[in-house]
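Accompanying notes for the structure given below.
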Amino acid sequence: MPAIPTGSTVLVTGANSFIGMWVVRELLEKGYTVRGAVRGPGKARYVQEVFATYGDKPEMIVVKDITKEGAFDEAIRGVSAVQHIASPVTTTADDPQSVIRPAVEGTIGILQSALKSKSDLLKRIVVTSSTGAIQSFNYTSEPVIRSETHWNDAVVALVEAKGRDAPGAAKYGASKTLAERAAWSFVNEHKHEIGWDLVCTHPPFVYGQRYADLNLTSWDWYTNVVLGNPIIMNPPAPNDRPWADVRDVATAHVLALEKPEAGGERILICAGPSVWQEWLDATNALFPPGTSRWKFPRGDPGRKIIHMMEYDTSKAARILGMRYRTMEETITDVLADFQRRGW
């Protein structure tokens with residue numbers, strides 16, 4: 001039997017986000033009732049409009065401040081599972097705490113609300129972590145393979161040491177590492193009081209079709225693959241970008257709710273390694289000059305590519321049965337989406 005029965009109500013925080021919208025869609029397609037939590041009424045209306053064909057199943061609730069004590073108390077009532085996706089996604093923050101505090105307090109807040117609810121219905125909470133909580137920013141001279149056994153504690157130490165002067169990506173990585181550490185500590189501390197379990201998923205750079213405007217990774221993709229960015233031709237440091245299509249990430253999130261064996265696990269979700277040159281090569285092979293409205297940059301075709309960072313995704317394959325879209329499939333679908341939008 002699945003961890004939660006089909007037709008159950010699932011709370012999705014950050015329901016209007018890039019990943020959140022696809023998770024909502026996947027849940028609705030599978031027959032679940034969705035309660036989406038967003039920060040404002042405009043965002044709530046938008047989600048309901050997008051999924052209007054599903055009737056009243058995308059019930060919406062506004063949670064203005066996820067760091068506020070009891071923020072999720074009302075939202076979590078009567079649900080069988082939670083997809084906690086809401087967390088800052090930015091690499092431009094000045095103050096590290098502007099990213100770390102909402103990530104940690106939002107995660108702990110939803111677990112506290114779950115604990116206080118004393119619900120017999122609630123069976124599983126899936127927290128969206130990140131490969132940023134696993135990978136190290138300290139590249140070695142040799143390629144490395146990392147798995148769910150690894151933690152990116154080094155980035156936490158870096159941010160603690162450098163504060164505002166730490167790289168933006170490091171602040172984000174620290175937020176995801178600290179939030180996930182806090183989640184597992186909470187569950188361990190209260191394990192005799194709760195009737196639900198925890199799963200943490202770890203997506204990498206996520207690309208794919210958008211429901212709304214470009215987000216951080218989609219803008220990166222558009223800038224580098226469609227417009228051309230000279231920096232990617234001569235990257236100043238290893239520029240590995242392990243990736244996954246957003247639709248596969250959403251599928252993994254829903255499977256993490258359904259598979260009993262996923263309980264208590266950290267699960268890496270990744271289609272494979274990549275560098276920008278591989279995206280350029282694949283795009284130009286799919287759309288040679290004259291076959292597209294865009295003239296795609298070529299970069300440095302034929303350049304030797306070495307992936308310095310890869311992930312062992314055998315757990316996702318074993319527990320969730322994950323299979324991933326190819327780079328070519330994602331490119332084709334993303335460009336079709338861009339063209340429909342007139343970009």
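These values consider heavy atoms only, across backbone and side chains, with no hydrogens, waters or symmetry-generated copies.
Checking side-chain atoms of Thr131 against main-chain N and O of Ile134 turns up no donor-acceptor pair under 3.5 Å. Panel note: side chain Lys171, backbone Asp95; no donor-acceptor pair is recorded below 3.5 Å.
In this structure, the side-chain hydrogen bond (donor to acceptor under 3.5 Å, both in side chains) partners of Thr128, at least two apart in sequence or on a different chain, are His253. Evaluation of the side-chain contact (heavy atoms from CB on, under 4.5 Å) rule for Arg77 yields Glu74 as partners, not counting sequence neighbours. Scored by the side-chain contact (heavy atoms from CB on, under 4.5 Å) test, Val334 finds Trp221, Thr330, Phe338 as partners (sequence neighbours excluded). Applying the ring pair (Phe, Tyr, Trp, His ring centres under 6.0 Å) criterion to Phe51, with sequence neighbours excluded, gives Tyr211. Thr291 is linked by a side-chain hydrogen bond (donor to acceptor under 3.5 Å, both in side chains) to nothing, counting only residues two or more places apart in sequence or in another chain. Applying the side-chain hydrogen bond (donor to acceptor under 3.5 Å, both in side chains) test to Lys123 and every residue at least two apart in sequence or in another chain returns nothing. Under the side-chain contact (heavy atoms from CB on, under 4.5 Å) criterion, Glu278 pairs with Ser274, Val275, Ile305, His307, Met327, sequence neighbours left out. For Arg25, the salt bridge (Lys or Arg N to Asp or Glu O under 4.0 Å) test picks out no residue, with sequence neighbours left out. With sequence neighbours excluded, the residues that form a side-chain contact (heavy atoms from CB on, under 4.5 Å) with Ala316 are Ile267, Ile269, Met322, Tyr324.
With values rounded to the nearest 0.5 angstrom, Tyr54 atom OH is found 15.0 Å from Gln48 atom CD. One distance of note links OG1 of Thr149 with CG of Leu268; it measures 9.5 Å at 0.5 Å rounding.
Looking only at side-chain heavy atoms (C-beta outward), Val63 and Thr13 stay at 4.5 Å or farther from each other. Contact check for Ser80 versus Val10: no side-chain heavy atoms found under the 4.5 Å cut-off.
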Does the salt bridge (Lys or Arg N to Asp or Glu O under 4.0 Å) test come out yes or no for Arg323 and Asp248, once each step is laid out?
CA-CA 8 Å; Arg323 299 177 67 184; Asp248 295 330; over 6 Å; no
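Screening residues 189-205 for salt bridge (charged side-chain N to carboxylate O under 4.0 Å, His left out) gives Arg124-Asp197 as the qualifying pairs, with residues at least two apart or on separate chains. Residue pairs satisfying the salt bridge (charged side-chain N to carboxylate O under 4.0 Å, His left out) criterion with at least one member in residues 329-339, sequence neighbours excluded, are listed as follows: Arg247-Asp333, Asp337-Arg340, Asp337-Arg341. The stretch residues 29-45 participates, sequence neighbours left out, in these salt bridge (charged side-chain N to carboxylate O under 4.0 Å, His left out) pairs: Lys30-Glu258, Arg35-Glu59.
Taking the ring centre of Phe205 as origin, the terminal cationic atom of Arg241 falls inside the region bounded by 6.0 Å and 45° from the ring axis. Because its NZ or CZ atom is both nearer than 6.0 Å to the ring centre of Trp151 and within 45° of the ring axis, Arg266 counts as a cation-pi partner of that residue.
By the neighbour-count criterion of 12 heavy atoms within 6.0 Å, atom NZ of Lys68 is sparsely surrounded, having that number or fewer from other residues, nucleotides or ligands. Counting heavy atoms of neighbouring residues, nucleotides and ligands inside a 6.0 Å radius, atom CG of Asn188 exceeds 12 of them.
With ring centers used as reference points, Tyr207 lies under 6.0 Å from Trp279.
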